[in-house]
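Just below is one structure, and these are the notes that go with it.
None of the values given here were measured: they were computed from a predicted structure. Heavy atoms only: backbone and side chains are in, while hydrogens, waters and symmetry mates are out. All ligand and atom numbering here is 1-based and tracks the order in the structure.
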Amino acid sequence: MALATLKDVLAKREDARAVGAFSTYDLFSAQGVIQGAEKENLPVIVMMGAPVLAKPGNEYIAKNLVSLAEEAKVPVVVFLDHAKDYATCLKAMKLGFSAVMIDGSHFSLEENIHLTAKVVETAQHLGISVEGELGALAGLEDGEEVKNSKMTDPTKVRQFVENTGIDALAVSIGNAHGLYKGEPNLNFDTLRQCEQASPIPLVLHGGTGLTQEQFALAVQCGIKKINIGTEIKKSYIEAFVATQGQNPAAYDLIGIPQACKEAVSGVAAEKLRFFAADWAKFIN
Ligand code: 13P
């Protein structure tokens with residue numbers, strides 16, 4: 001099965017389902033995500049965050065993601081998450097990624113449009129998809145903290161999409177990266193207005209900690225891609241600690257990564273199935 005783009009895997013407007021996008025950090029987390037997708041026979045988006053790609057030597061992990069996607073039994077998008085500049089997007093494109101996110105949400109609308117359109121221009125020549133962001137998400141993601149969130153303004157959505165040429169749009173509707181402080185509170189009215197205004201699929205970041213009802217409503221309102229990061233890290237590290245704890249003297253560096261992979265695979269499979277179909281059971 002080939003490396004896929006966002007355009008290949010994101011559902012059409014009338015088709016109420018979403019694809020899971022999972023943050024990965026090494027070979028084992030990436031293999032776990034793909035294994036989960038193969039188990040469910042569903043397409044998947046394997047993400048590497050820009051701060052992860054920036055670490056010395058991690059371009060080799062990035063290349064591994066592309067190889068894994070090319071050999072997978074289901075369509076796999078290899079996606080650069082939250083790049084803040086053009087150079088990082090270009091680096092991922094050269095490494096063979098099939099999709100990039102340029103996050104200009106910290107800029108003014110005009111600057112965000114300018115930067116995002118520049119990335120799209122290059123990506124389009126290479127057949128690579130681009131996700132943009134309008135509004136800004138708070139929270140901690142891959143070691144980078146954003147203190148203040150800004151809700152997406154639905155009246156700016158069409159202008160942003162048309163002037164950038166992006167393939168998918170990340171929205172800020174009360175969602176946040178990392179663990180939520182208290183109950184997450186999503187504004188579904190704003191989401192519906194964004195969906196009405198947007199000619200392209202919408203993306204929900206900050207999936208960890210949202211309830212099944214919230215995921216279900218988000219899919220019903222038109223979300224087509226849902227990002228999960230912290231839950232992947234949590235499952236991986238808990239499996240690592242538990243397996244090491246079972247036999248501390250073994251320092252089992254053969255068995256522990258396999259346990260981590262299995263744990264990640266379980267999370268990915270469950271989320272993919274829920275976003276594709278099971279969500280409908282949570283709608284009255
Ligand atoms: P969480 O870590 O909150 O699941 O968010 C992941 C994300 O949105 C990556 O872009």
Side-chain angles (χ1 to χ4, degrees), residues 6 9-10 18-26 29-30 32-33 36 44-54 62 65 77-84 88-89 92 97 99-106 116 129-147 149-152 166-186 191 194 201-212 214-215 218-219 223-238 263-264 266-272 274-275:
L6 288 182
V9 303
L10 296 188
V19 178
F22 303 94
S23 305
T24 64
Y25 300 85
D26 61 5
S29 48
V33 167
V44 70
I45 300 164
V46 174
M47 304 196 291
M48 176 178 263
V52 183
L53 181 59
L65 300 188
V77 180
V78 179
F79 184 97
L80 173 72
D81 202 25
H82 287 287
K84 297 276 197 284
T88 306
C89 291
F97 281 42
V100 297
M101 177 193 190
I102 177 68
D103 176 0
S105 61
H106 47 296
T116 306
S129 310
V130 180
E131 177 179 319
E133 179 168 323
L134 189 60
L137 252 67
L140 183 66
E141 185 63 23
D142 292 334
E144 292 191 348
E145 185 160 23
V146 178
K147 288 251 184 316
S149 70
K150 196 168 70 197
M151 290 279 250
T152 303
I166 50 172
D167 304 289
L169 177 68
V171 290
S172 172
I173 55 161
N175 46 327
H177 289 130
L179 296 174
Y180 286 89
K181 299 182 183 92
E183 290 292 302
N185 184 11
L186 302 189
L191 176 56
C194 291
L202 298 184
V203 180
L204 186 68
H205 283 240
T208 301
L210 297 181
T211 63
Q212 290 185 307
Q214 286 172 320
F215 282 134
V219 177
I223 287 288
K224 303 293 188 206
K225 169 177 177 270
I226 301 178
N227 286 14
I228 308 283
T230 305
E231 200 172 338
I232 292 292
K233 290 187 279 193
K234 184 171 177 284
S235 67
Y236 186 118
I237 290 173
E238 284 178 356
V264 167
V267 171
E270 189 265 318
K271 289 283 184 279
L272 286 166
F274 192 87
F275 300 155

Interfacing atoms of ligand 1 (cut-off 4.0 Å, heavy-atom, H82): 10 (O)
Whether A176 lies under 4.0 Å from ligand 1, heavy atom: yes
Trace of the side chain to side chain contact (heavy atoms under 4.5 Å, CB included) decision for V100 with T88: CA-CA 9 Å; V100 297; T88 306; over 6 Å; no
Heteroatom distance test (H177, ligand 1): nitrogen or oxygen, under 3.5 angstrom: yes
From OH (Y180) to CG (N185), nearest 0.5 Å: 10.5 Å
E270: side chain to side chain donor-acceptor pair (under 3.5 Å) partners, not counting sequence neighbours: none
Which residue and heavy atom of the protein sit nearest atom 3 (O) of ligand 1, plus the separation: G178 N, 2.9 Å
Criterion side chain to side chain contact (heavy atoms under 4.5 Å, CB included) on F22 and V264, from CA distance to verdict: CA-CA 10 Å; F22 303 94; V264 167; over 6 Å; no
Nearest-option assignment for atom 2 (O) of ligand 1, heavy atoms, candidates I228, N175, T230, V203: T230
Closest approach of any protein heavy atom to atom 10 (O) of ligand 1, naming residue and atom: D81 OD2, 2.5 Å
Nitrogen or oxygen atoms of E231 and ligand 1 under 3.5 Å apart: no
Nearest-contact summary for atom 6 (C) of ligand 1 - protein heavy atom, Å: G229 N, 3.4 Å
Spatial distance of atom OG1 (T211) from atom CD (E183) [nearest 0.5 Å]: 8.0 Å
N or O contact, G206 vs ligand 1, cut-off under 3.5 Å: yes
Region of A21 that comes within reach of ligand 1 [heavy atoms, distance under 4.0 Å]: neither
Nearest-0.5 Å distance, NZ of residue K233 to OG1 of residue T24: 11.5 Å
Gap between atom CE of M151 and atom CG of L191 - 0.5 Å precision: 10.0 Å
Part of T208 within contact of ligand 1 (heavy atoms, under 4.0 Å): both
S172 versus G135, closest heavy-atom pair with distance: CB-C, 4.2 Å
